[in-house]
Structure formats: C-alpha cells, structure tokens
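Remember, it's a predicted structure, so these values are computed and weren't measured experimentally. Order of appearance sets the numbers: ligands from 1, and atoms from 1 within every ligand. Computation of the quantities below employed the complete heavy-atom set of this structure, encompassing side-chain atoms and omitting hydrogens, waters and symmetry-equivalent molecules.
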Amino acid sequence: MKHELPVLPYEYGALDPYIDGKTMEIHHTKHHQAYVDKLNEALEGKEELADKSVEDMLRNLDTIPEDIRTAVRNHGGGHYNHSLFWRVMSPDGGGRPEGELEEAINGSFGSLEDFQKEFSEAAAGVFGSGWAWLALGQDGKLHIHGMPNQDNPLHHGHTPLLGLDVWEHSYYLKYQNMRPSYIEGWWNIVHWPAVAKNLEEAQNGE
Ligand code: MN3
C-alpha cells in the first residue's frame with residue numbers, strides 16, 4: 001500500500017489572509033508531497049510494514065528496522081504531521097472550543113487564553129524547524145510540546161490533537177522572520193470541531 005498525499009478540504013487561498021495561497025500550494029504540493037514520496041521510497045521492499053499506518057509506525061519506532069528508522073521518523077512524521085495540520089485549519093475557524101474539549105482545556109490549563117498563551121510560547125520557542133503540539137497524555141490530561149524537525153508526541157505515547165507547523169516554509173513568504181505574527185494570526189483559522197473530534201477519537205483509542 002502506497003501512502004498518498006491527502007486532498008485539502010479547502011482551496012489553497014481559503015486561509016488568506018492568515019496563510020496565503022502560494023504558501024499553502026507550495027507547502028502541500030512540494031513539501032508534503034516530498035515527505036510522502038520519501039516515505040514510500042524508504043518502505044520499498046519492507047513487506048512487513050506494507051499495511052501499517054503511519055501512526056502505528058511512529059508510535060512504535062523502536063520496532064522499525066534500523067536502516068529506515070530515521071527515514072520513517074522524518075518522512076513518516078512529515079506525512080502524518082501535515083495531514084493533521086490541514087485538517088485542524090478551516091476558513092470557518094477561530095472562535096472558541098465547546099463541550100468536552102473546552103472542559104479538557106480548562107481542566108489542564110485554566111482557560112482557553114492561558115492555553116493559547118502557553119501554546120504560542122511553545123511554538124515561538126522551537127529552535128529552528130519544528131512543531132508545537134497539543135496532545136492527550138496517558139494520564140488523561142492535555143499537554144503542550146514544542147518538538148524539533150518532524151517529531152511528534154506519538155514518540156512518547158501521547159496522541160496529537162492540534163499541531164502548528166513552525167518550519168519557515170509554512171510562513172516565510174508572507175511573514176518573513178516574524179514567526180510570532182504568523183502564530184497570532186493562526187488562531188483565527190484553528191478549526192476547533194476537528195480538534196474536538198481528535199480528542200474524542202483519542203479517548204476512544206481509535
Ligand atoms: Mn511543513
């Protein structure tokens with residue numbers, strides 16, 4: 001089974017003015033596509049991994065043959081992370097989370113504002129390329145992680161719910177070196193219902 005680039009649920013320009021269409025198009029058709037291609041290349045001839053999901057491989061990196069473990073971590077991570085990233089954004093995004101997600105955020109961080117502040121600081125504080133993550137831990141609590149490269153919380157048994165790509169390729173055309181401005185604008189396109197669905201699936205072990 002070859003891994004495939006997912007279709008975006010909106011047009012490239014739909015997230016403008018927070019993320020411009022040119023950036024989205026390059027990010028999806030060049031960067032994400034390259035992760036998919038390199039993951040497929042790494043898995044060639046590894047029949048035992050042919051039917052494994054990317055999530056399964058990233059959760060169990062220590063079971064991946066050593067000769068392709070780094071490739072799966074980087075390119076499988078890149079594929080998984082971007083697939084999640086596209087889904088947690090929407091032109092109808094912004095506003096506030098509701099229901100169980102709202103309760104979980106309040107329970108773990110105090111308030112939405114406190115959560116957003118802490119998450120934004122984690123995103124701004126990633127040195128070089130990486131991601132900020134909101135993840136459900138095995139303790140049932142929500143956690144914020146800043147992680148380098150294409151690493152994600154699956155590596156330590158947490159389930160990613162919301163991710164923000166802070167590689168320069170995700171914002172440089174519009175924001176140049178002003179990562180904090182990109183982060184601040186991004187909250188306007190966060191699709192809370194998708195994050196809520198990720199939480200529900202994580203709690204149900206899906
Ligand atoms: Mn990216």
Side-chain angles (χ1 to χ4, degrees), residues 2-43 53-55 57-59 61 69-91 93 116 119-135 144-155 158-191 194-195 198:
K2 289 254 186 197
H3 295 275
E4 288 180 5
L5 186 70
V7 175
L8 288 196
Y10 38 75
E11 301 290 319
Y12 288 126
L15 304 180
D16 204 57
Y18 304 108
I19 302 179
D20 62 281
K22 188 75 186 163
T23 295
M24 285 297 294
E25 184 176 355
I26 297 170
H27 203 170
H28 182 244
T29 64
K30 304 293 183 195
H31 293 278
H32 191 170
Q33 181 71 60
Y35 292 121
V36 172
D37 292 345
K38 287 175 184 167
L39 174 64
N40 284 327
E41 209 173 288
L43 293 173
S53 70
V54 185
E55 177 171 343
M57 290 190 280
L58 295 173
R59 269 192 200 280
L61 269 179
R69 194 176 299 158
T70 300
V72 168
R73 180 176 187 150
N74 290 338
H75 305 305
H79 179 32
Y80 178 93
N81 296 348
H82 288 88
S83 298
L84 183 143
F85 186 50
W86 312 134
R87 289 196 314 270
V88 297
M89 299 189 290
S90 164
Q116 287 178 312
F119 186 98
S120 294
E121 284 170 2
V126 172
F127 181 75
S129 299
W131 292 71
W133 294 103
L134 173 69
I144 291 169
H145 308 279
M147 300 184 79
N149 306 314
Q150 296 295 347
D151 286 355
N152 78 40
L154 292 169
H155 298 335
H158 290 194
T159 303
L161 308 178
L162 173 68
L164 172 56
D165 189 344
V166 294
W167 284 57
E168 282 190 344
H169 67 226
S170 61
Y171 63 87
Y172 203 82
L173 285 184
K174 182 179 169 72
Y175 295 95
Q176 290 81 50
N177 61 328
M178 297 179 292
R179 188 192 287 181
S181 304
Y182 159 65
I183 296 167
E184 194 186 332
W186 179 73
W187 292 111
N188 294 288
I189 47 173
V190 170
H191 189 39
V195 184
N198 288 342

Checklist entry - How are the rings of His32 and His79 set relative to one another: parallel (under 30°), tilted (30 to 60°) or perpendicular (over 60°)? => result tilted

Checklist entry - Is the Trp186 to Tyr175 ring centre distance short of 6.0 Å? => result no

Item to check | Candidate list Tyr35, Trp133, Trp131, Tyr80, test ring-ring contact (aromatic ring centres under 6.0 Å, His included), partner Phe85, passing option | outcome: Trp131

Next on the checklist: If we count only N and O atoms by modelled type, under 3.5 Å, do the side chains of Trp167 and His27 hold a donor and an acceptor together?
Outcome noted: no

Checklist entry - Counting only protein atoms, how many N/O/S atoms are less than 2.8 Å away from the Mn ion (ligand 1)? => result 4

Checklist entry - Hey, do the aromatic rings of His145 and His158 have their centres closer than 6.0 Å? => result yes

Checklist entry - Backbone N or O of Ser170 within a donor-acceptor pair of the Asp165 side chain at under 3.5 Å? => result no

